[in-house]
2 protein chains.
Amino acid sequence: MCVPGCMDLVHKRLGRRAMFGGAGALAATAALSAVGSSPVRAQPSGSFTSVVDMTHTLGVDFPTYFGEPQFEMTRLAGFGENGFNMFEWRVVEHTGTHMDAPIHFSSDGATADQIPVEQLVVPLAVVDISARAAADPDAQVMPADLEAFEAEHGRIPAGACVAMNSGWAQHVATDMFRNADADGVMHFPGFHVDAAQWMLERGDIVGMAVDTLSLDYGASADFATHYLWLPAGRWGMECIANLDQVPPIGATLVVGGPKIQGATGGPSRLIALV
Amino acid sequence: MCVPGCMDLVHKRLGRRAMFGGAGALAATAALSAVGSSPVRAQPSGSFTSVVDMTHTLGVDFPTYFGEPQFEMTRLAGFGENGFNMFEWRVVEHTGTHMDAPIHFSSDGATADQIPVEQLVVPLAVVDISARAAADPDAQVMPADLEAFEAEHGRIPAGACVAMNSGWAQHVATDMFRNADADGVMHFPGFHVDAAQWMLERGDIVGMAVDTLSLDYGASADFATHYLWLPAGRWGMECIANLDQVPPIGATLVVGGPKIQGATGGPSRLIALV
């Protein structure tokens, strides 16, 4: 099992015995207070006068967490020979602009197809730490950032997705997106587990989005944010694009996530209604 | 090349020389007047107070046009052993609730990633032929149906997607969805090429959606609707769900189509804002 590059990373970072902590991860989940099952909202509502595509184009060279290719296309039919064009895809779920469903980091959480559609059309709050991140690629969204956001923009709406704008989307086509050091440790921003806890305790935030490859910061060894957020029944979205083109608050994010039976997530189409 | 089942179907239906007409298809495209490149709209706008999921769940047994499986999932990581869950998918693009991009039936049309996002958030018009189709599975949407729709509901909005409600979504889990006869010819409804021509001549309709496996009716031997609609720069959507849960006019369809480089279409998440 495991994707190309995955087991190498395990050996370098975490040792052979257990990937991502095994029993340690379970202990971490128990120690932090989960806030029960995912909140169910009233029907989403809103209005808009423009749209913004928040999705990167996925090609075979799109950067991946493990650093190895995770997507290939095989032609099945060509117009000249067959009268139509068609491909088959082979893709690891966590590739490109993609969703993390609760099951991705839990034993029994909701799969991608089980997320209620009411949790896929959500108010979008964008927390901008890009200036700090430009100076420090290990920067993390902290509770203080969320407090400051609300002081400026008002309370994060019920049922929202909170997105981190770290400025990293601009690096998607270069090695800076992973920013791996000589030991293979990546350095890009993410949500600190304390910020994830703050969001959980709010009770009505359903999604967390990042413009990087991981909800956790790149150098994370324990994936604490993943292990807190996803088992609590929330969803995550990684490699989101164009956060600079939406307001800090007021847009609606439509999450075109995969409705694929049993999936742990997958490539998604994200469209903001502004 | 070609998916499992595809070449069998070719031999039975169309003969060995050319699939789907080859030169014949090109002639058909030239004879009908295409209405130039796809219309570019002003920014979409709208308001809503509820959402409806228009997407079927895609599993390995989802019915396919060619009657053979087109989707498989392979586990790459398990929570107990690795601390997280992850799968790899192998999927033929035209599987499940999915998009047909212009390139699917043209030599040089737009690929899925090239469709402007403004054409993915669209007014939805639902033309109901389900009563007629229940009595006649070869029923097709005709220009008279579109005229009657407008007489009742007003003009189809600029930039719309016109969807056929044939009642076929209820059959998705049974053999009735393909409804193949003893010769392997399928019988389910679709858009007649004259209706496609009517929609093209309107000039500002960007999408065509069906609750069946094909824009053309199931017994089509020449795919005339595909060969008219797609090369004209319009998109199609097949296997849409829940058309009974949206009004004939007034909803906005958000098309979470694949933003995959060079794709001819692919599994999509469709969400109606009502």
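All values below come from the heavy atoms of this structure, side chains included, with hydrogens, waters and symmetry mates left out. Just so it is clear: chains get the letters A, B, ... in the order the sequence lines come, proteins before strands, and each one is counted from 1. As the structure is a prediction and not an experimental result, all values here were calculated from the model.
Only the side chain of B:Phe71 comes within contact range of chain A, with heavy atoms under 4.5 Å apart. Proximity to chain A (any heavy atom under 4.5 Å) is shown, for B:Asp53, by both the backbone and the side chain. If you measure heavy-atom distances from B:Ala101 to chain A, you find no contacts under 4.5 Å at all. Of the two parts of B:Thr252, only the side chain, counted from C-beta on, holds a non-hydrogen atom closer than 4.5 Å to a non-hydrogen atom of chain A. For a residue to count as touching a neighbouring chain, one of its non-hydrogen atoms must lie under 4.5 Å from one of that chain's; by this rule B:Leu273 touches chain A with the side chain only. With a threshold of 4.5 angstrom between heavy atoms, B:Val91 approaches chain A through its backbone and through its side chain.
Under the 30°/60° scheme for interplanar angles, the aromatic rings of B:Phe48 and A:Phe48 are found to be tilted.
Between A:Trp89 and B:Glu93 the shortest side-chain heavy-atom distance falls below 4.5 Å. Side-chain contact between A:Val121 and B:Val254: absent, with no pair of heavy atoms (C-beta onward) separated by less than 4.5 Å. Proximity of B:Met86 to A:His94: side-chain heavy atoms (C-beta onward) are separated by under 4.5 Å at one or more points. The side-chain heavy atoms of B:Val117 and A:Ile271, taken from C-beta on, include a pair separated by under 4.5 Å.
At least one donor-acceptor pair closer than 3.5 Å links the side chain of B:Lys259 to the backbone N or O of A:Thr55. Put simply, the side chain of A:Arg269 gets close to the backbone of B:Gly257: a donor and an acceptor are under 3.5 Å apart. One N or O on the side chain of A:Asn85 and one on the backbone of B:Ile103 form a donor-acceptor pair closer than 3.5 Å. Judged purely by atom type and a 3.5 angstrom limit, B:Gln43 uses its side chain to pair as donor or acceptor with the backbone of A:Val51.
Closest of all the heavy-atom pairs between B:Phe84 and A:Phe105 is CB-CE1, 3.8 Å. When all heavy atoms of B:Tyr227 and A:Gly83 are compared, the pair lying nearest together is OH-O, 2.5 Å.
Heavy-atom pairs under 4.5 Å with chain B were tallied for A:His56, A:His226, A:Gln261, A:Arg90; the largest tally goes to A:Arg90. Of the listed residues (A:Gly59, A:Gly262, A:Gly265, A:Gly46), the one with the most heavy-atom contacts under 4.5 Å to chain B is A:Gly46. Among A:Ile260, A:Leu120, A:Thr95, A:Thr97, the residue making the largest number of heavy-atom pairs under 4.5 Å with chain B is A:Ile260. Heavy-atom pairs under 4.5 Å with chain A were tallied for B:Leu270, B:Val274, B:Val255, B:Thr57; the largest tally goes to B:Thr57. No other option in A:Ala112, A:Ala263, A:Ser106 has as many heavy-atom pairs under 4.5 Å with chain B as A:Ser106. Comparing A:Pro267, A:Gly266, A:Pro258 by how many heavy-atom pairs each has under 4.5 Å with chain B, the most go to A:Pro258.
Considering OG1 of A:Thr111 and CZ of B:Phe87, their distance stands at 9.5 Å, rounded to 0.5 Å.
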